[in-house]
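Take a look at the structure set out below.
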Amino acid sequence: MKRSSRKKYLRKGISALLAAVLALSMAGCGGTEKQNNDIVSSKETAGTNDISVTAKGRYTETKLEIPQYFQGKGEMTLLSDGNILLLDWENGTKSISKDKGMSWESETVQELKQLAANGNVEVGGAAAPDGGLFIYYIDWSESTEEKLFPEKYIYLAADGSKQEFELGLEEYRSSVSRAVFSADGRLFVADENDGKIYEINLQGQSAKELFSVEQIRELSLCAGSAQLAVLDGYSVNFYDLNSGEITAEDKLLNDFIKEQSSKKTGIVMCPGTGEGEQEVLYLASAGGIYRHVIGGSVMEQLADGALNNLGDPTRTPVSMVQPEEGTFLILYDNGELYSYVYDAEASAVPEEQITVYSLYDNETVRRAISIFREKYPNVFVKFEIGLTGEDGMTENDAIRNLNTEILSDGGPDLLLLDGMPVDSYMEKGILADLSDTVEAWKKETNFYEGILEGYRQESGLYVLPFRYDIPLIGGAEEYLSAISDLKTLADTAEQIADSAQAKITVLNTYTAEELLERLYAICEGAWVTEDNTVKEQALKEFLTDAKRIYTAEQKNLPADKKEEHDELIANALNYYSEEEMKKVMMEIDQGVNSQMVGSAVLAAGYLGSMEAFRTFVSEREKIAETMDNYQLQIWNGQCERVFCPTGIVGLCANAQNPEYALKFIETLLSEEVQQEDLGDGFPVNRDAFGIFTQNPEPEYGYSLGVMTENGESIQLNLRWANPSEIEELNQLISLLNTPAETNNLVKDSVISIGVKALTGEKEIDESVEEIVQKISLQLQE
Amino acid sequence: MRAWKKSCRKYRFNCRSRVLFLLPGLIGVSVFVLLPFLDVGKRSFQTAITGEFCGVDNYVTIFHNQAFLLALGNTARFVAVGLPLLLALSLFLACMIDRGIHARWWKAVYLFPMAVPTATVVLIWKLLFHQNGVLNGLINRFGGTAVDWLGSDASFWVLIFSYLWKNTGYTIVLWMAGLHSVPVERKEAARVDGASERQCFFYVVLPELKPMLYTITVLSFLNSFKVFREAYLVAGAYPQQKMYLLQHLFNNWFTNLEMDKMAAAGVCITVVFLVGVIVLQRLWDRKE
């Protein structure tokens, strides 16, 4: 009896234990949405996740006055007395702020002013905590064979004394590119050429090499009282100022640097200055402001980049100081200075919110968010990116997650539809009709209407492109006048390949896949009817003509050139992803470059930025030295006047905040946003085209060195497009009115099967049948 | 009287404890299965996003949808070919093993495919069935013509092979449990009466296995849906037409937000499945 009672209790005990384990494990299943647990958000914890939580406390951003004439080429330093010193390299002034950047007192530094006035001199330096100035400069007019880098140094001590000296780093074959003082006044410099870090003894006027960094993308130094931090763009290397030893790798910080470096904005650092903050580093990047204890396990997000200018891809932070706890001053490359002050009473996020969802990150949207925030400070724009590349999620997974959200009435307000099932969303009523709004906008703004209304349907306008690439073809007039579609292109390619003017290739494609990738956008629209059936005949014509072009491409292509090309691609894949590589290969400037070096007769590809157009016009000019009838025209395939959208937006019909969502689209299409060339396509706003096509850096010149097929070396100065060339481009854009398909499913099927048809592995009829079978399934669903 | 009261109390206690034991499961099934299914039923008569009543339009649409008919046909064909093959093959192997030695060792070997992660299986399938893969290499070596296993109609048989490979072991184990439950005395009595091995199997063993056959059929039918994982990972969302199953279609419909079609198709398939199970059960009950 006793035994049975004990058994009973034992059974009950086990049951209770199992129930507790089950309960605990279920509680453990409740995952958090944060993907990176190492990055935690403090103070703004509720910041970007849930607007409904009325959390308080946020770093608020305020624009500060800057010293007169300051253009942005300078550096801030926190002095030991708590004042802030701002050096202006261009005007040769130093400005002191005693009230945390609110006002400045400027004075000219004669030595700096003289150097800045000499256009031949490259100058830089650092300020010591006591206000002393270290200046390094190179007068290039003094450069000789022996002294390749004739670098000189000046130290203007706080007491007014001055030292001038030379170090002759690496026997004048290297130079300083960054300098910083530690809290106790020790001077450290970095040499960007060799990646070497030195400590300079100002009394002894000597340099001692400490260590070197292996690879450099972007070098910056930061020194506090305990550590010297050297950021090389990939990682941060620490040097212990007391022991003189290199500190062990900080993996968490390095992972963070890699992640943030992939964004367009830079990273700046400043040491912790508070009590017990000797081992603390503050960083500002696109993600916001972060606090990190060196060697610690957490990147603490203090301020979210989504809520301030740090998330704006057009602004790069260049200098940061922390004058007191809870306050940061950040200087941007455009000369703007902002303070970030913790306000315990401010709501963690602005009261209104709109959500923009995109599968991929988008620079133009980030720029629009920044402008929109200035216009509507009470609205928080939450930018959700489906594919961050960190979690192995596929496009389909992300779309399914989005669909779940939409069906539960909690979807975003705006959708960036690149790679999404646009037709299905329009058909299902997910997207709102924007016809009336667009009509109203058109009264005030001048758009490229063919592009803006490219997606118009009988039932309305649901999708608006805001960036796009332009398909172009360039070459001798005699050829181009004969090319009007894919068939005539194939005829001309065959004619060229058989003629005496034949080069290694006709269109600069070396493989069947490259050719199909390039032809797809300008032909796809011809294969599918509006009622979702496949036009077999059109598809057959596509493969037939593509095969003719491929045969012409291969006709004069020697095996060694093909191998060379494959090797080049393989090497490039070490630096670029496959998708990036495909995009680069399709750019028109690649084609015109091949024309210039004599490896292609025609240049056919896509133009997506003014930078690429700069290369194009410069190379075209070079080609024109031997060809007086070079012509550029829209590249038509089986479809005419196609543009390739690189950014398309739609308003969700059940948007939570449609009013602000529409205002956001308006901002996205506004002159202010559209005029920025972020390398992701051309503007839809015609009024913005003028500024978009202006040279952003007229003071800098670029050149290009290439070797022709004859072994001749060409050194080409890349010039900006002149007004007539810009007008030529404007006229070409005005012709575009047909959007290319952005969904990759059909493309993948056509290319994977089409390659076999082009290379002869399969008959064309057989390939068409297989493609139709695959596409039909997709279309019939 | 006291005994009656005691009996009543015991009855009430038994009833209460049964209800208490059943309740959590019932609530779970209701909340996570029955209620959502009722919602699916409701959605099958509504438009996808706006939720407007549209009668039987969705049902009409799916039965005119070529992709649905293809997926339905392929799934039915797959079950019709794969299920009997699996049952017969596994029963045959179970009997062989039952009569042989090292039965335990064989059990472990046959369960091995279930333990192999799908990702690994997919890699092996790709190596094996690629146009320039191991299988075609062997075929070429012996003078045969290479087959595009995943890009032609042969892909259906790849799917069947995959299903058999993965599930035969598990089904063998189930059959063996059934075989062990057949009384040895009955088999011995039949043998004493002069029955041959074949007669012994068909007239003594097989009738004893009938209850097990029902369970195995239902389980194998359910497992047949799991072959989608391998098919999806090997050939993607749009495989060769013969490999295109209902799960492919549902997966793609969800991506395209075709909730109305999904709901209608879901209801149809559930009805077919339920009718199938009920008919199967009736047949068994009648025979028993």
Side-chain angles (χ1 to χ4, degrees), chain A residues 15 19 22 26 392 394-409 411 415 419-432 532-534 652-654 743-746 748-750 752-753 756 761-762 766-767 769-781, chain B residues 21 24 28 36 39-40 43 46-52 54 58 61-62 64-72 74 119 131-132 146 148 150-153 155 232-233 235-263 265:
Chain A
S15 307
L22 182 68
M26 282 178 83
T394 63
E395 256 188 26
N396 266 354
D397 296 336
I399 293 172
R400 275 195 292 271
N401 288 349
L402 172 68
N403 288 349
T404 312
E405 268 190 59
I406 291 173
L407 289 171
S408 61
D409 288 336
L415 284 174
M420 290 192 198
V422 182
D423 292 336
S424 174
Y425 282 3
M426 286 196 277
E427 189 191 315
K428 296 284 164 206
I430 297 289
L431 303 172
N532 278 350
T533 53
V534 183
C652 287
N654 60 349
N743 192 331
N744 285 333
L745 270 176
V746 173
D748 292 345
S749 305
V750 172
S752 61
I753 300 165
K756 292 176 187 167
E761 212 177 306
K762 270 190 178 174
E766 202 185 337
S767 303
E769 197 182 323
E770 200 177 330
I771 292 170
V772 169
Q773 201 184 63
K774 271 208 160 183
I775 303 180
S776 296
L777 260 185
Q778 296 168 33
L779 299 174
Q780 284 164 7
E781 278 178 350
Chain B
F21 273 112
D39 184 55
V40 169
R43 281 173 187 266
Q46 293 176 333
T47 55
I49 305 298
T50 51
E52 288 161 28
C54 62
N58 293 333
T61 308
I62 58 164
H64 283 94
N65 184 299
Q66 294 303 311
F68 176 71
L69 296 176
L70 175 73
L72 194 65
N74 282 347
Q131 211 161 2
N132 302 318
D148 186 358
L150 298 171
S152 66
D153 290 357
S155 62
Y232 181 74
L233 290 169
Y238 294 96
Q240 204 276 340
Q241 284 205 355
K242 298 282 176 196
M243 266 177 113
Y244 184 73
L245 301 174
L246 277 168
Q247 292 97 319
H248 283 103
L249 180 68
F250 281 2
N251 192 48
N252 299 335
W253 269 351
F254 192 74
T255 306
N256 292 323
L257 265 180
E258 309 275 9
M259 305 311 290
D260 41 3
K261 289 184 199 165
M262 269 180 85

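Letters A, B, ... mirror the listed sequences (proteins, then strands); counts begin at 1. Only a predicted model underlies this, so the values are computations on that prediction, with no experimental measurement involved.
- Scanning for side-chain contact (heavy atoms from CB on, under 4.5 Å) contacts around A/Asn401 gives A/Met393, with sequence neighbours left out.
- The shortest side-chain heavy-atom distance between B/Tyr238 and A/Val746 does not fall under the 4.5 Å cut-off.
- Heavy atoms from other residues, nucleotides or ligands lying under 6.0 Å from CD of A/Glu769 number 12 at most.
- In this structure, the side chains of B/Gln131 and A/Lys756 come closer than 4.5 Å at one or more pairs of heavy atoms.
- With chain A as partner, the option from B/Trp253, B/Phe68, B/Tyr244 having the largest number of non-hydrogen pairs under 4.5 angstrom is B/Tyr244.
- At least one side-chain heavy atom of B/Asp260 sits under 4.5 Å from a side-chain heavy atom of A/Lys428.
- Counting only heavy atoms from C-beta outward, the side chains of A/Arg400 and B/Asn251 approach each other to under 4.5 Å.
- Counting all heavy atoms, side chain and backbone alike, A/Pro421 lies closest to B/Asn256 at CB-OD1, 3.3 Å.
- When every heavy atom of A/Asn396 is checked against every heavy atom of B/Thr255, the shortest pair comes out as OD1-CG2, 3.6 Å.
- Looking only at side-chain heavy atoms (C-beta outward), A/Gln773 and B/Gln240 come within less than 4.5 Å of each other.
- A donor-acceptor pair is defined here as one N or O able to donate and one able to accept, closer than 3.5 Å; such a pair exists between the side chain of B/Asn65 and the backbone of A/Glu781.
- Taking each heavy atom of B/Leu257 and A/Ser424 in turn, the nearest pair found is N-OG, 4.4 Å.
- Residues meeting the side chain to side chain donor-acceptor pair (under 3.5 Å) test with A/Ser752, sequence neighbours left out: none.
- Residue contact with chain A, scored on non-hydrogen atoms closer than 4.5 Å, is absent for B/Ile62.
- Contacts of B/Phe254 with chain A are made by both backbone and side-chain atoms, with heavy-atom separations under 4.5 Å.
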